[in-house]
Amino acid sequence: SQMFANAFLYIVNGVQEGQTAEEALVDKIIFGLGAAIFATPPAIVIGLLYKKAGRVRQVEDSFVDLDDDKIPDGIREEIMDRRDVIWAERELRTAKKALRDTKNNLTMALQKSYFAGYGSGRGEIKAKEKLEFKKEFDVALAKCNKRIVKAKDVFKRML
C-alpha cells in the first residue's frame, strides 16, 4: 500500500528538476505522511484480526489462584472447572519441558563420556557403556513420554 501511496503522491505533486534542498525535503515529508495515512487502515484491520485470533482470556482466570473460600458462590463451580483445565495445561507444558531437559541432559552426558574416552586414548566408548547409555536413555524418554501422554489425556477430558 505504501508503493501505491507514493505513486499517487508522485502523480499529484511530482518531483521537479532544479528543486532546492528545502523543497525536496518538503516533498519527501509529504510523500512520507501520505504513505503513512494510506498504510495505517490496513495495518489496523490486520492487527485487529490477529488480536481476535490470539489466546482468549476468560474472567474465571483471574480467580483461579484464589482459595476456595474467597471465590464468590455464584461462580465457584466454573472457577473450579477452569482451575482443573489450567492445571492440566501447566502439567502438559511441564511434561514437555521435562522431556526436552531430559534429552539435553542425556545428550550432554553422552558427549562427556565420549570426550572422556578420547581423553584417555580410546577411539570411542566401550560397547557395554553404549548399551547402558541406550537403556538409560530409552527408560528416561519412556517416562517422559508417559507423563506427556497422561497429561494430554487429562487435558482432553477437561475439554
Side-chain angles (χ1 to χ4, degrees), residues 1-9 28-29 31-159:
S1 65
Q2 187 174 1
M3 179 177 70
F4 297 117
N6 283 337
F8 176 73
L9 290 171
K28 288 179 183 179
I29 290 172
F31 288 167
L33 289 174
I37 290 170
F38 283 119
T40 301
I44 290 172
V45 169
I46 290 170
L48 290 174
L49 290 175
Y50 278 111
K51 185 177 182 181
K52 295 289 183 188
R55 182 178 184 272
V56 177
R57 304 261 184 228
Q58 295 188 2
V59 176
E60 294 90 4
D61 288 354
S62 60
F63 295 104
V64 167
D65 294 322
L66 293 177
D67 294 333
D68 289 342
D69 56 340
K70 293 182 181 177
I71 298 173
D73 291 332
I75 58 172
R76 182 169 290 154
E77 188 174 324
E78 291 84 3
I79 299 296
M80 295 176 96
D81 291 341
R82 183 67 183 153
R83 181 183 295 162
D84 292 340
V85 171
I86 288 177
W87 285 349
E89 285 177 339
R90 288 177 187 167
E91 176 58 27
L92 182 59
R93 275 195 306 270
T94 304
K96 287 181 178 180
K97 184 180 182 311
L99 175 65
R100 194 171 45 248
D101 291 345
T102 300
K103 282 183 179 179
N104 290 339
N105 291 339
L106 290 172
T107 303
M108 293 297 292
L110 181 62
Q111 287 176 350
K112 286 180 184 178
S113 179
Y114 268 116
F115 291 138
Y118 289 134
S120 65
R122 288 185 288 162
E124 54 181 68
I125 62 174
K126 297 177 183 175
K128 181 181 176 184
E129 291 177 4
K130 283 183 185 179
L131 289 174
E132 289 174 2
F133 179 79
K134 180 163 178 24
K135 190 182 296 183
E136 179 185 352
F137 191 82
D138 290 342
V139 167
L141 290 185
K143 284 181 184 177
C144 290
N145 284 329
K146 282 181 186 176
R147 185 176 173 192
I148 288 175
V149 168
K150 183 179 176 184
K152 283 183 179 179
D153 287 344
V154 170
F155 188 63
K156 285 179 186 176
R157 276 188 264 131
M158 295 293 167
L159 300 178

Report summary line: To the nearest 0.5 Å, atom CD1 of Ile75 lies from atom CZ of Arg82 at 13.0 Å
Requested in this report: Could you list all the side-chain hydrogen bond (donor to acceptor under 3.5 Å, both in side chains) pairs where at least one residue sits in residues 98-107, not counting sequence neighbours?
Outcome: Lys97-Asp101
Requested in this report: Please determine if Lys135 and Asp138 form a salt bridge, counting it only when a charged side-chain N lies under 4.0 Å from a carboxylate O.
Outcome: no
**Report entry** Shortest non-hydrogen contact from Leu106 toward Phe137
**Finding:** CD1-CD1, 3.4 Å
Query raised in the report: Does the pair Asp73 and Arg76 meet the rule for a side-chain contact (heavy atoms from CB on, under 4.5 Å), with working shown?
Result: CA-CA 5 Å; Asp73 291 332; Arg76 182 169 290 154; 3.2 Å; yes
Report task. Report the residues that fulfil side chain to side chain contact (heavy atoms under 4.5 Å, CB included) with Lys150, sequence neighbours left out, ordered by chain and then residue number. Result -> none
Query raised in the report: Can you check side-chain contact (heavy atoms from CB on, under 4.5 Å) on Met108 and Gln111, steps first, answer last?
Result: CA-CA 5 Å; Met108 293 297 292; Gln111 287 176 350; 3.5 Å; yes
Report task. Drop me the distance from Arg147's CZ to Thr94's OG1, to the nearest 0.5 angstrom. Result -> 6.0 Å
**Report entry** Euclidean distance, Lys134 NZ relative to Leu110 CG, rounded to 0.5 Å
**Finding:** 12.0 Å
Report summary line: In this structure, CG of Asp81 is separated from CD1 of Ile86 (nearest 0.5 Å) by 11.5 Å
Report summary line: Closest heavy-atom pair, Ile37 versus Pro41, reported as atoms and distance to 0.1 Å, is O-CD, 3.1 Å
Report task. Please name the pair of heavy atoms, one in Cys144 and one in Leu99, separated by the smallest distance, quoted to 0.1 Å. Result -> CB-CD1, 3.5 Å
Query raised in the report: Who pairs with Ile29 by side chain to side chain contact (heavy atoms under 4.5 Å, CB included), at least two apart in sequence or on another chain?
Result: Leu25, Leu33
